Every structure is written in structure tokens, then in C-alpha cells.
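Everything on this sheet refers to the single structure shown next.
All of these numbers come straight from a predicted model, not from anything done at the bench. So that the names make sense, note that chain A is the first sequence line, chain B the second, and so on, each numbered from 1.
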2 protein chains.
Amino acid sequence: MADDRWTPPEVMLAVDLVILTLRRSLLHVLLIERGIEPYKGTLALPGGFLQHAEEDITAAAHRELAEEADMDVETLHLEHLGVYGAPGRDPRGRVVSVAFLAIAPRLPEPAAGTDAAAARWQRADQVLSGDLELAFDHRRIVEDGVENARAKLEHSALATAFCGPTFTITDLQRVYEAVWGISLDPRNFYRKVQKTSGFIVAAGPERKGTTGRPARLFRAGPQKALNPPMVRPVEPSIMKGSGQ
Amino acid sequence: MADDRWTPPEVMLAVDLVILTLRRSLLHVLLIERGIEPYKGTLALPGGFLQHAEEDITAAAHRELAEEADMDVETLHLEHLGVYGAPGRDPRGRVVSVAFLAIAPRLPEPAAGTDAAAARWQRADQVLSGDLELAFDHRRIVEDGVENARAKLEHSALATAFCGPTFTITDLQRVYEAVWGISLDPRNFYRKVQKTSGFIVAAGPERKGTTGRPARLFRAGPQKALNPPMVRPVEPSIMKGSGQ
DNA sequence: GTAATAGTGTCTATTAGACACTATAAT
DNA sequence: ATTATAGTGTCTAATAGACACTATTAC
């Protein structure tokens, strides 16, 4: 500690991406089948090491998003999620991974012919339940990412990131239902969303639905923080008659 | 990218601590006057490099807490805050810092005769306003830490971490007022806190106040997540008459 | 008594939650 | 007309916010 010549240990820095989207009204996460050891053949989050010593961490996340998922960062919500650096989590040595959460609107399957060829959308519930096995500590990272998204839906306009540039109120309701894993009353949802100032604003005239009455289109409003918040219904918890 | 022999760059990993407490009903943050270059003599967050290549990051945060702040980690709330790794943020090279947020009950000044000798509590508002200059990007980290604490007060029982093992409802109200920087109606606060199930539970009989009616004592309840949440009053925003 | 702090009750406006109908399109 | 989806209105119970008084101690 008083050693003049002591220098700090160095670690390898990686980024991992939890990319969430909605497909057929179900929450999905993008996973890649690893082509190299360790965990070759196992599903894992897209990600990788910093490319050079001067690369910015967020820039690395953007790069991986483009390389491994063939996605344009401009259209995506991307935010810091956490740091996963337990010794021994990677057999190659001390790897510290910075995880990011990305939210994508419904997209086609990742294009073949890129690094993303092995990428596939998988149902989030299958990952969370353990039906799908993931490499490293990536299941834990997905858990944290989903929980982060669930919480953010309450207080931010994150839900609009799951939709395209324009969307209907029903589209937005599907996002809340899929991420929270519950169903909501459309009448109360309409009322709440419309009176939450700055959340969504009218856009264009109407959408030519496949059938039924055409829906009005909206786009994301200027407000990133929702006030009042959208409230996640309390699940009838096990704590019955707890005090008071 | 297809180079077989490529190995990832390595970075130096540091931890930094934003330690918040209340002193005289004002939010304070623990800062240290740096004894070495760079930024020698400037105030900075307590923290430092990983000690060896196998040290766990959270363990390193605990160690710094003990070394630099002379605090027992058992009594403190400690959670991940963010990662700060912009190239060039540290003149010594590529340093990536994992920041932690710690909440401490009111404590005596850090003991002299330890690494913490140069540590001092400083008012958070003076840091946020820029009246106090901090080394590196530490002011930004403090901003993020305070904002994190403000948000967490709404939905978690974090406020109890600012108090000792037992506290009065008024003590708790002071925490909310100091961190949020507003004043609250004590009657409504009492009602809200008492009916938020699991937030606080009665403890011991009463406290011998210096003067006035003795207050009942409480301790932190079992519930970490508050439901319903404590709501931070909307500041009369500049957005007047913004749509409906 | 006075001063100082702790604690409670009430009234009102707003909101959340439950619930059923009307509207507009494709076929 | 039928089917399918979009959108609105009303009632009620719970809650937030404003506000004034009583309670218990030290002196």
C-alpha cells in the first residue's frame, strides 16, 4: 500500500447487450449462439471485448449492436444496465462486463450474412424460467434487464421505444401487458395515457387496420419522465393481513 | 476481427464511492483531499484501484469504505451506481471506474490517524452547484448518485438507511426533505408513512427528547419496495398550459 | 403557566378501478 | 348484417393535499 512502484492490476473489459423487443405480443430477447470457446454452441447475449484501449464503452456497445445484431443505434434506446465482474465468471481470465439495455421496435429477423447470422429472438420468459440455458452469468443479466425495463415503464416513456415511430394506443398497451406480464383495462389505459401530459402526441390521421375501426396514430411525446407515473397493479401478494 | 492472435486491450479498474449522509438536516457527501497526483490537493470521492487481479469489485468497494472512510460496511447501504470509463478521464491511462452509492446514518467526523484523515463531509448542494471543485469527473458521479437517491426514496425504504437503527417519524421526514430539497406537511407524512405497509415498525417505547413531547421510535420494516410509493411533489414546472 | 415538539382528525378534489356501450371499418 | 377493433362515459372507493387542533414533555 505504501509501495512506490505498485501498479494496479488490469482487467479485460467487455460489453454485453440485453436487447428487448416485442414479437407477437410477447417479450423477446436477442441471443446469439456462440461460435467460439468458451461455451461454444451455447446461447449468449450479444457483446464482446473492447476493440482497442481507447475505445469508449458506450461506443463499443454501439459497435456491437451494429456488428452482432445488425441494428442501427440511431433508432434504438440504449442505456447502462450494470457491471458484472465476479472473478471466475469467464474462464479466459478477469473479464469485467458492462451490460447495456437496448429496446428495439419489432424488427425482422437479424439479417443473414453478417455477424448476426447466429442471432435469434428468444422468448424472455423461457430465459427467465431457465428453460433456455445461457452462457456465463448472462441469465442473471437478462433478469436484471427485464426488471429494469419493468420498473422504467412506470416512470418513463420507455414503452414508446418498443414501438415504431408511430403507434396506436393499443400497441402501447400491448407493450405494458407484455413486459409486465399482466392484462390492463383498455378504457382506463386510454384515459391514463392521454392525460399523462407529454407522453404521446397525435401523429398522422389513422391507420388502415386489417379489419375493424381504424386507429388513431401517435408518436412519442417530448416528456421522458412520466408524471403522474403509470402504476403497475399490485399483484395480490402473499402478504395478506400483514399488520395494520 | 478475424485475427487469431488478437487479444483484448486491458484497462485499470477503480471503484469510487458516493457516500451520502445527513448532517444538521442537510445532505452531505464524503470527500477526500487527494494526497497524490493527479489532482493532488483537490477534493475527490473516496475510492481507488482494485488491489489485485482477483479482487471482487463489490469487495473492493467494501475495502475502500473501510480504509478511506473508516466505516463499517455492515451498517451501510451499498449499491451499484454506474460506470465511468471515458477515455482521457484519468491522465494516468485508461481507467474505468465503477461507482457505488452508500448511505450512512449520521456519523462522527471520520477518525484521524487513518487513511480517512483527509476525509470531510461536504454539503451536497455545494458540490452540485459547482462551488466546490472536484477531481476527474467526480462531480458528475455525485450528481448521478444524488439523483439516484432521490428516485429511490420514492419507491424503496432507502430513507431508513439515513437513520440509525431506530428513529422517529420526524427524523424520517427530515431525510425526505433534505434529499428532495423541499418541505413536507407532517400530518400527511405521518399518515402516508404509517399506512405504507412494512415500511417502518414500532420499536422501543419513546425517545427522551431534549424538549417537547417524546417521540415514538421506529425501526426499518421488512419491506424494501414501497407500495404505494412515496410521491415526490411535482415542482410547479415551467411547462404551464402545455396542452390539455 | 410558556415553549417546544409529537401526534391526530376532517374536509375536498382528484384519481384509480370496475364496468357497458357506441363508432367505424372490412367482409 | 356480421365481425372485429377503436374509442368514450359513468359510477364509486380510495387517495392526496390542504388545514387546525390536542397531547406531552422541560422549564
Side-chain angles (χ1 to χ4, degrees), chain A residues 24-25 153-155 163 166-177 180 182-219 226-237 244, chain B residues 24-25 153-155 163 166-178 180 182-197 199-219 226-237 244:
Chain A
R24 303 187 322 279
S25 295
L153 283 197
E154 296 194 68
H155 307 283
C163 305
T166 63
F167 49 86
T168 69
I169 293 187
T170 303
D171 291 339
L172 199 61
Q173 185 180 340
R174 298 272 171 274
V175 173
Y176 278 89
E177 292 181 328
W180 283 350
I182 58 174
S183 65
L184 297 169
D185 183 296
R187 296 160 295 204
N188 294 337
F189 187 81
Y190 271 62
R191 176 162 43 101
K192 191 65 199 297
V193 163
Q194 305 242 43
K195 81 158 47 164
T196 300
S197 145
F199 189 4
I200 59 174
V201 297
E206 301 200 324
R207 185 177 66 177
K208 54 283 162 186
T210 60
T211 177
R213 174 174 174 175
R216 284 183 289 194
L217 287 172
F218 296 85
R219 91 182 72 238
L226 300 187
N227 209 304
M230 304 291 294
V231 280
R232 176 158 39 158
V234 192
E235 52 213 310
S237 88
Q244 207 346 6
Chain B
R24 303 184 325 278
S25 295
L153 283 198
E154 296 194 68
H155 306 282
C163 304
T166 63
F167 49 86
T168 70
I169 291 187
T170 302
D171 291 339
L172 200 60
Q173 184 180 341
R174 298 271 172 276
V175 173
Y176 277 90
E177 292 181 328
W180 283 350
I182 57 173
S183 65
L184 297 169
D185 183 297
R187 297 162 294 203
N188 294 338
F189 187 82
Y190 271 63
R191 176 162 44 99
K192 191 64 200 297
V193 163
Q194 305 243 42
K195 81 158 46 161
T196 300
S197 147
F199 189 5
I200 60 173
V201 297
E206 300 200 325
R207 185 177 66 176
K208 56 282 162 188
T210 59
T211 176
R213 174 175 173 175
R216 284 182 288 192
L217 288 174
F218 296 84
R219 92 181 72 238
L226 300 187
N227 210 302
M230 305 290 293
V231 280
R232 175 158 39 158
V234 192
E235 52 214 307
S237 86
Q244 214 326 18

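The aromatic rings of B:Tyr176 and B:Phe199 stand perpendicular to each other, their planes meeting at an angle above 60°, with 30° marking the opposite boundary.
Rounded to an integer number of Å, the gap from A:Lys192 NZ to D:dT8 P is 17 Å. Look at CZ on B:Arg187: it is 17 Å from C1' on D:dT15, rounded to the nearest Å. Here the P atom of nucleotide C:dT8 and the CD1 atom of B:Ile169 are 8 Å apart, to the nearest Å. When the C1' atom of D:dA14 is taken as reference, atom CG of B:Asn227 falls 14 Å away, rounded to whole Å. The distance between atom CZ of B:Arg213 and atom C1' of D:dT22, rounded to the nearest whole Å, is 8 Å. Protein atom CE of A:Met230 is 13 Å distant from nucleotide atom C1' of C:dG17, rounded to whole Å. A straight line from CG of A:Asp185 to P of D:dC11 spans 17 Å, rounded to a whole angstrom. When rounded to the nearest whole Å, the span between OH of B:Tyr190 and P of C:dT5 equals 12 Å.
In the set C:dT24, C:dG7, D:dG17, C:dT24 carries the atom at the smallest distance from any side-chain atom of A:Pro214. Of the candidate nucleotides C:dG7, C:dG17, D:dT8, D:dT8 has the atom nearest to the side chain of A:Gln194. In this structure, of C:dA26, D:dA6, C:dA20, it is D:dA6 that holds the atom nearest to the side chain of A:Ala215.
Contact annotation for B:Arg216: backbone-only contact, meaning every heavy-atom pair under 4.0 Å involves sugar-phosphate atoms and none involves a base.
When all heavy atoms of A:Val193 and A:Leu172 are compared, the pair lying nearest together is CG1-CD2, 4.2 Å. Among all heavy-atom pairs drawn from B:Pro228 and B:Lys192, the shortest one is CG-CE, 4.1 Å.
Applying the 3.5 Å distance criterion, the base of D:dG17 shares a donor-acceptor pair with the side chain of B:Arg191.
For the atom pair A:Leu153 CG and A:Met230 CE, the distance stands at 9.0 Å (nearest 0.5 Å).
Checking the phosphate oxygens (OP1, OP2) of C:dA6, a side-chain nitrogen or oxygen of B:Thr170 falls inside 4.0 Å.
Side-chain contact between B:Phe167 and B:Ile200 is present, with heavy atoms from C-beta onward closer than 4.5 Å.
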